[in-house]
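Working notes for the structure below.
In listed order, ligands and their atoms are each counted from 1. Values below: every heavy atom of this structure, side chains too, minus hydrogens, waters and symmetry copies.
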Amino acid sequence: MQGITVLGSTGSIGKSTLDVVARHADRYKIIALTANQQDELLFAQCLQFNPQYAVLLDEAAAARLTVRIQTSALDTTVLCGAAALEKVATLPNVDAVMAAIVGAAGMPPTLAAARAGKKIMLANKETLVLAGHLFMEAIHASGSALLPIDSEHNAIFQSLPANYTGDMRTSGVSKILLTASGGPFRNTSLAQLQHVTPDQACAHPNWSMGRKISVDSASMMNKGLEVIEAHWLFNVPADDIQVVVHPQSVIHSMVQYVDGSVLAQLGNPDMRTPIAYALAYPQRIDSGVAPLDLFQIAKLDFVAPDFVRFPCLGLAYQALRAGGTTPALLNAANEVAVAAFLEQRIAFLDIPRLIEAVLGNVTQCEVTALQDVLDADAAARRAATDWIARC
Ligand code: NAD
Ligand code: MG
């Protein structure tokens, strides 16, 4: 029986995780569930999974949940605030943590879980973008198992040698081929991109996801963040990570070897596949995902990414090459920009403009401790907020 904490249980990944867990009640016990402020949904999840702890970031929502729990037959303890996230990610009876909070807020509890030696199922890519070096150091120091949930990285993990040591050269790996759907604006002209709305940006053709990552997919910043994520997970330099636009989202990514072989992982676009893989690793369990019907798919297309219509992709490569706190600046500027776009305060094409301005104005430095990352994150958020106020 694995004890599991799901950070961000009310989100898209969180709900898919609970769907897989519910199929295997004999293998997994939910110890803690957490959310930002969705107390109603969290209460329904508590009724189904009877966790030891339920955490809400928002104080008023936590008070409402406490009342609901008290009037139910549950004995779940309700906690509140960011410190409680770290607590439930590091409890002695927790074996594995699903890191599925969106944004930089997900980094501290994920890092705490890695330091505590928990098995990490990593959906929160921002942890690696912000603090890749510190996080991987924590994983190696504590001996934690790290299983990527992002479909591309899960596919790469599955396509690398089973005993991959983190040295691509001695493993015969020549390139990582990171696939991208191209998002809802794959064929939209630059002129039209200026006027697209949040709802259009969130209408992803293949995947159903939270609104923030949906906008990132539309701007291709998601792919940029994933390039940085792949760099840290697999110890591969930016030059050896090639983005391949593949509109069908059937191949979830590939590994190219020096002998000419290319290994890929395929499947229907449903996050329950990588989630089930990470939960049961190295075994395989039913995820509820329908088998792939190749005759129905019939053909697979591949095109090169367009760095002109999607400048966010180039900015992410640039941040990875610059190193230090630059990826943290990129991430924070992007979070502020996406939130402003979703609130219709800036236009879609302002997202890369704002990020470029922040990267140009905020001084980057080396990362020696977590505080360097937190300071960079705060400075970039201030600069981004000022930029929006002026525009
Ligand atoms: P979502 O918006 O659907 O859910 C986010 C969850 O985090 C919710 O439970 C919410 O309550 C919680 N949350 C939000 N802000 C918080 C805060 N400040 N403090 C604590 N909790 C907070 O997001 P999602 O689509 O499930 O994505 C979650 C993470 O997984 C992101 O990092 C995303 O990049 C990554 N990811 C998602 C998908 C996908 O298919 N949805 C695929 C790959 C990677
Ligand atoms: Mg992905």
Exercise for the section: Please report the C-alpha distance between Asp199 and Thr197 in whole Å, then the side-chain angles of each, then the deciding distance to 0.1 Å, and finally whether the side-chain hydrogen bond (donor to acceptor under 3.5 Å, both in side chains) criterion is met. Expected result: CA-CA 5 Å; Asp199 283 346; Thr197 66; 5.7 Å; no
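Each of Asn93, Thr77, Thr76 was scored for a side-chain hydrogen bond (donor to acceptor under 3.5 Å, both in side chains) with Gln52, with one residue passing: Asn93.
Listed by number with element, the atoms of ligand 1 under 4.0 Å from a non-hydrogen atom of Ile213 are 25 (O), 33 (C), 34 (O), 36 (N), 37 (C), 38 (C), 42 (C), 43 (C), 44 (C). Less than 4.0 angstrom separates some heavy atom of Ala35 from each of these atoms of ligand 1: 11 (O). Heavy-atom contacts of Thr10 reach the following atoms of ligand 1: 8 (C), 9 (O), 10 (C), 11 (O) (cutoff under 4.0 Å). Ligand-side atoms of ligand 1 in range of Ala123: 30 (O), 32 (O), 35 (C), 36 (N), 44 (C), range being under 4.0 angstrom from any heavy atom. Counting atoms of ligand 1 from 1 in the listed order, those under 4.0 Å from a heavy atom of Asn124 are 32 (O). Under a 4.0 Å criterion applied to the non-hydrogen atoms of Ala100, ligand 1 contributes the atoms 5 (C), 6 (C), 7 (O), 28 (C).
Hydrophobic cluster membership differs between Val20 and Leu122, with clusters built from Ile, Leu, Val, Met, Phe, Trp and Tyr side chains linked at under 4.5 angstrom. Residues Leu18 and Leu147 are members of separate hydrophobic clusters, defined by side-chain heavy-atom contacts under 4.5 angstrom among Ile, Leu, Val, Met, Phe, Trp and Tyr. Under a hydrophobic clustering in which Ile, Leu, Val, Met, Phe, Trp and Tyr are joined whenever their side-chain heavy atoms come within less than 4.5 Å, directly or via other members, Val67 and Leu41 fall into different clusters.
At the shortest separation from atom 5 (C) of ligand 1 among protein heavy atoms lies Val102 CG1, 3.7 Å. Atom 25 (O) of ligand 1 has Gly210 N, 2.9 Å as its closest protein atom, hydrogens excluded (heavy atom only). Residue, atom and distance of the protein heavy atom nearest to atom 29 (C) of ligand 1 are Ile101 O, 3.7 Å. Atom 18 (N) of ligand 1 has Ala105 CB, 3.3 Å as its closest protein atom, hydrogens excluded (heavy atom only). Given atom 3 (O) of ligand 1, the protein heavy atom at minimum distance is Ser12 N, 2.9 Å. Atom 34 (O) of ligand 1 has as its closest protein heavy atom Lys125 CE, 3.2 Å. In terms of protein heavy-atom proximity, atom 4 (O) of ligand 1 is closest to Gly11 CA, 3.1 Å. Of all protein heavy atoms, the one lying nearest to atom 15 (N) of ligand 1 is Asn36 ND2, 3.7 Å.
Both the backbone and the side chain of Met209 come within 4.0 Å of ligand 1, judged by heavy-atom distances. The part of Glu126 lying near ligand 1 is the side chain, judged by heavy-atom distances below 4.0 Å.
Note that CZ of Phe185 is 5.5 Å distant from CD of Gln200, once rounded to the nearest 0.5 Å. With values rounded to the nearest 0.5 angstrom, Gln45 atom CD is found 13.5 Å from Asn50 atom CG.
Environment of CD in Glu40: sparse, with no more than 12 heavy atoms of neighbouring residues, nucleotides or ligands closer than 6.0 Å. The environment of Lys87 atom NZ is sparse: at most 12 non-hydrogen atoms of other residues, nucleotides or ligands sit within 6.0 angstrom.
The existence of a salt bridge linking Asp19 and Lys15 is excluded, since no basic side-chain nitrogen approaches an acidic carboxylate oxygen closer than 4.0 Å. Electrostatic pairing of Asp377 and Arg381 counts as a salt bridge here, judged by a charged N lying under 4.0 Å from a carboxylate O. Taking the charged nitrogens against the carboxylate oxygens, Arg186 and Asp306 have no contact shorter than 4.0 Å, which rules out a salt bridge.
Minimum-distance N/O/S atom of Glu152 relative to the Mg ion (ligand 2): OE1. The atom of Glu226 nearest to the Mg ion (ligand 2) is OE2, with the search restricted to N, O or S atoms. Here the N, O or S atom of Asp150 that is nearest to the Mg ion (ligand 2) is OD1.
With distances taken over non-hydrogen atoms, the option nearest atom 37 (C) of ligand 1 out of Leu57, Ile13, Val6, Leu85 is Ile13.
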